[in-house]
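Since the structure comes first, as structure tokens, the remarks are kept for the end.
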Amino acid sequence: MADELKKGLEGVLVAESELSFIDGDAGQLIYRGYSIDDLARQASYEEVVYLLWHGELPEEGDLAEFSDAMSTERALADGMYDLVRELADADEEPMAAMRTIASNLSAYDPDRDADPTDREANLRKGRRLTAKLPTALAAFSRLREGDEPVAPREDLSHAANFLYMLNDEEPDDVLAETFDMALVLHADHGLNASTFSAMVTASTLADLHSAITSAVGTLSGSLHGGANQDVMEMLKEVDESGKEARQWVDDALDRGRRVPGFGHRVYNVKDPRARILSEKSKALGEAGDMKWYDYSVGIEEYLGEEKGLAPNVDFYSASTYYQMGIPVDIYTPIFAVSRVGGWVAHVLEQYEDNRLIRPRARYVGDRDLDFTPVEER
Ligand SMILES: CC(=O)SCCNC(=O)CCNC(=O)[C@H](O)C(C)(C)COP(=O)(O)OP(=O)(O)OC[C@H]1O[C@@H](n2cnc3c(N)ncnc32)[C@H](O)[C@@H]1OP(=O)(O)O
Ligand SMILES: O=C([O-])CC(=O)C(=O)O
């Protein structure tokens, strides 16, 4: 048993967690006991972050206090703006910029010298990271386009303020609610790869900023959060090809392509988050142009019938964000802006019951080779 190899750690239990539960056969996701459907439709992102960090839904006063405390942390230090400007001038890839930003926020954090496992200090650090990452992302995105950053507003919700900082325009209710729902849907998801990397980092008793920086790097890959950008690029390819979506995806599979936004390590059916996001994508299409939703449905139907593959969260977030006018290459950074809430919650759990995470590999290399000095090789 001890020598059984589980490539990709599939199905391996490595921790106990009270944060999120996924039933991959039923297509069910819950955060701390509450179904994702209820949370997505009725709770704000701030409420969900409170739930994840504190273990229960906030009462009205608690929520107001928590939201206020987070909104007062939105502004960035001048040094952070300089860094963001430098990254934009260097045309840094957005997720690489996010990784650098997450790391650098530590330099300005008043709790940076606290014991790494100090829960109260970590809640404050987590609040600052969650509040400031959207500000930095919006500034980065604008600076790349030659526009100046827009200062955060404390009177707007987390979701509405991000769209305001991105576009220099207050979003309407539909946009703000859609974005808030997307943030709720992306906030946590068990021991996904980026969360696990945050836990591995925390398990060495490295600090929260190190754990979050690891997580951002891990989220960026195309098998994980990076897939949402790939989905939109695929939908644009479909559009430009002039082919039916079904035909396009059939040809792509023939060429050996993996279809971004499909398949999942845990779900054997449609991801419940994709179900909710597809409704949003459709509603935005009905108010504008249905083609992005229609291409998506065509691909979903084809892959379901021919390959038994179902969409994951990244599939319908792409057409939703596109129809909201969000630049395609910040879709994955937006995932990080939401998931930071979940990463912080898992790191807090890890510190509370820590043991160094250190699996092992089966050695399949050579043994007992004779060493030859370099000049004789
Ligand atoms: C937020 C998130 O991270 S959600 C996931 C986002 N990532 C993506 O959407 C990228 C596309 N999807 C994938 O690459 C995979 O489904 C993953 C990485 C998500 C899951 O990977 P795993 O659990 O390791 O499954 P694995 O890669 O072994 O795939 C199992 C089988 O399904 C096939 N398959 C899985 N996903 C896809 C896909 N998107 N397109 C085509 N075939 C696929 C594989 O080719 C494989 O078939 P085989 O056994 O005949 O070789
Ligand atoms: O759980 C996973 O492996 C990937 C995922 O859907 C997420 O992180 O939201």
Side-chain angles (χ1 to χ4, degrees), residues 5-12 14-15 17 19-25 27-31 36 39-40 48 52 95 182-199 212 214-235 245-246 248-277 296 299-300 302-321 331-343 345-346:
L5 183 71
K6 291 276 193 181
K7 218 166 165 215
L9 295 180
E10 180 163 1
V12 176
V14 298
S17 175
L19 293 166
S20 49
F21 171 75
I22 304 159
D23 182 331
D25 294 322
Q28 191 193 19
L29 169 63
I30 62 179
Y31 296 167
I36 195 64
L39 292 171
V48 164
L52 291 170
M95 274 304 270
L183 293 180
V184 168
L185 291 171
H186 288 83
D188 195 36
H189 209 249
L191 293 208
N192 61 86
S194 54
T195 297
F196 186 57
S197 78
M199 289 166 60
I212 301 304
S214 299
V216 176
T218 307
L219 185 71
S220 67
S222 61
L223 296 186
H224 192 12
N228 57 9
Q229 176 177 340
D230 297 344
V231 169
M232 198 57 229
E233 280 161 6
M234 171 178 72
L235 295 177
R246 295 173 71 92
W248 186 92
V249 79
D250 184 48
D251 294 348
L253 287 172
D254 279 349
R255 293 196 304 275
R257 273 180 73 156
R258 250 180 199 228
V259 187
F262 282 84
H264 199 277
R265 176 60 66 78
V266 186
Y267 292 115
N268 299 314
V269 295
K270 188 166 178 173
D271 182 329
R273 302 167 296 175
R275 226 186 327 103
I276 300 169
L277 284 165
S296 305
I299 295 172
E300 177 180 352
Y302 178 86
L303 283 175
E305 288 158 22
E306 301 294 324
K307 298 278 169 198
L309 285 169
N312 58 52
V313 67
D314 288 327
F315 191 59
Y316 283 100
S317 63
S319 51
T320 301
Y321 294 156
Y331 293 2
T332 313
I334 284 172
F335 195 149
V337 155
S338 162
R339 184 57 58 87
V340 67
W343 291 330
H346 282 272

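Just follow the structure's listing: the first ligand is 1, and inside any ligand the first atom is 1.
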Pairs of nitrogen or oxygen atoms closer than 3.5 Å, one from His224 and one from ligand 1: do any exist? yes
Do Lys307 and Val249 touch side chain to side chain, with heavy atoms closer than 4.5 Å? no
Flag: protein heavy atom within less than 4.0 Å of atom 22 (P) of ligand 1: yes
Could you grab the distance from atom CZ of Phe196 to atom CG of Leu9, nearest 0.5 Å is fine? 5.5 Å
Classify the angle between the aromatic ring planes of His189 and Tyr267 as parallel (below 30°), tilted (30 to 60°) or perpendicular (above 60°). tilted
One thing to verify: whether Glu300 and Arg246 come together as a salt bridge, which I'm taking to mean a side-chain N less than 4.0 angstrom from a carboxylate O. no
Can a side-chain donor-acceptor contact be found between Ser194 and Thr218 if the only test is distance below 3.5 angstrom? no
For His264, is there any backbone N or O sitting under 3.5 Å from a side-chain donor or acceptor partner on Asn312? no
Quick one: look up the protein heavy atom nearest atom 8 (C) of ligand 1 and list residue, atom name and how far away it is. Ala227 CB, 3.5 Å
Would one find an N or O of Leu253, backbone or side chain, under 3.5 Å from an N or O of ligand 1? no
Phe315 near ligand 1 by a heavy-atom separation under 4.0 Å: no
Heavy atoms of the protein only: does one fall short of 4.0 Å from atom 47 (O) of ligand 1? no
Considering only the protein, which heavy-atom contact is closest to atom 9 (O) of ligand 1, and what is its distance? Gly261 N, 2.7 Å
For ligand 2, list the protein residues that place a heavy atom within a distance below 4.0 Å of one of its atoms, sorted by chain and number. His189, Asn192, His224, His264, Arg273, Phe335, Arg339
Distance only, no hydrogens: is a donor on one side chain within 3.5 Å (strictly under) of an acceptor on the other, for Asn268 and Asp25? yes
Checking heavy atoms under 4.0 Å, the part of Ser222 that sits near ligand 1 is backbone
Distance, nearest 0.5 Å, that separates OH of Tyr302 from CG of Leu253: 6.0 Å
Is there a donor-acceptor contact under 3.5 Å from the side chain of Ser20 to the main chain of Gly190? yes
N/O of Val313 under 3.5 Å from N/O of ligand 1, yes or no? no
Would you say Leu223 has any N or O atom under 3.5 Å from an N or O of ligand 1, going by distance alone? yes
Quick check for you: to the nearest 0.5 Å, what is the distance between Ser317 atom OG and Leu277 atom CG? 6.0 Å
Nearest to atom 38 (C) of ligand 1 by heavy atom, Asp271, Val259, Thr332: which? Val259
Please confirm whether Gly8 approaches ligand 1 to less than 4.0 Å, judged on its heavy atoms. no
If you measure from CG on Asp230 to CE on Met234, what distance do you get to the nearest 0.5 Å? 9.0 Å
Ranked by distance from atom 43 (C) of ligand 1, the top protein heavy atom is Leu309 CD1, 3.7 Å
Are the side chains of Glu233 and Leu235 in contact, using a 4.5 Å heavy-atom criterion? no
Where the side chain of Tyr321 meets the backbone of Met232, is there a donor-acceptor pair that is under 3.5 Å apart? no
How far is atom 12 (N) of ligand 1 from its nearest protein heavy atom, and which residue and atom is that? Phe262 O, 2.8 Å
Need the ligand 1 atom indices (1-based, order shown) with element for anything under 4.0 Å from a heavy-atom of Phe335. 1 (C)
Considering only protein heavy atoms, determine whether one is less than 4.0 Å from atom 41 (C) of ligand 1. yes
What is the closest protein heavy atom to atom 24 (O) of ligand 1, and at what distance does it sit? Arg265 NH2, 3.0 Å
Quick one: CD1 on Ile276 to CG on Leu39, what's the gap to the nearest 0.5 Å? 9.0 Å
Indicate whether the side chain of Asp314 and that of His224 have a donor and an acceptor atom separated by less than 3.5 Å. no
Nearest-contact summary for atom 19 (C) of ligand 1 - protein heavy atom, Å: Gly263 O, 3.8 Å
Under-4.0 Å protein heavy-atom contact, atom 36 (N) of ligand 1: yes
Asn312-ligand 1 polar pair, N/O distance under 3.5 Å: yes
Flag atom 28 (O) of ligand 1 as yes if some protein heavy-atom distance to it falls below 4.0 Å, otherwise no. no
For His264, take its heavy atoms, then give the atoms of ligand 1 lying under 4.0 Å from any of them. 4 (S), 16 (O)
Checking side chain to side chain contact (heavy atoms under 4.5 Å, CB included) for the pair Asn228/Phe335: CA distance, chi angles, key distance, verdict? CA-CA 9 Å; Asn228 57 9; Phe335 195 149; 4.1 Å; yes
With no hydrogens and no angle check, do the side chains of Asn192 and Arg265 hold a donor and an acceptor under 3.5 Å apart? no
Just how far is it from atom CG of Leu191 to atom OG of Ser197, taken to the nearest 0.5 Å? 11.0 Å
Is the closest N or O pair between Pro260 and ligand 1 shorter than 3.5 Å? no
From the candidates Lys7, Arg257, Arg258, the one that places a heavy atom nearest atom 44 (C) of ligand 1: Arg258
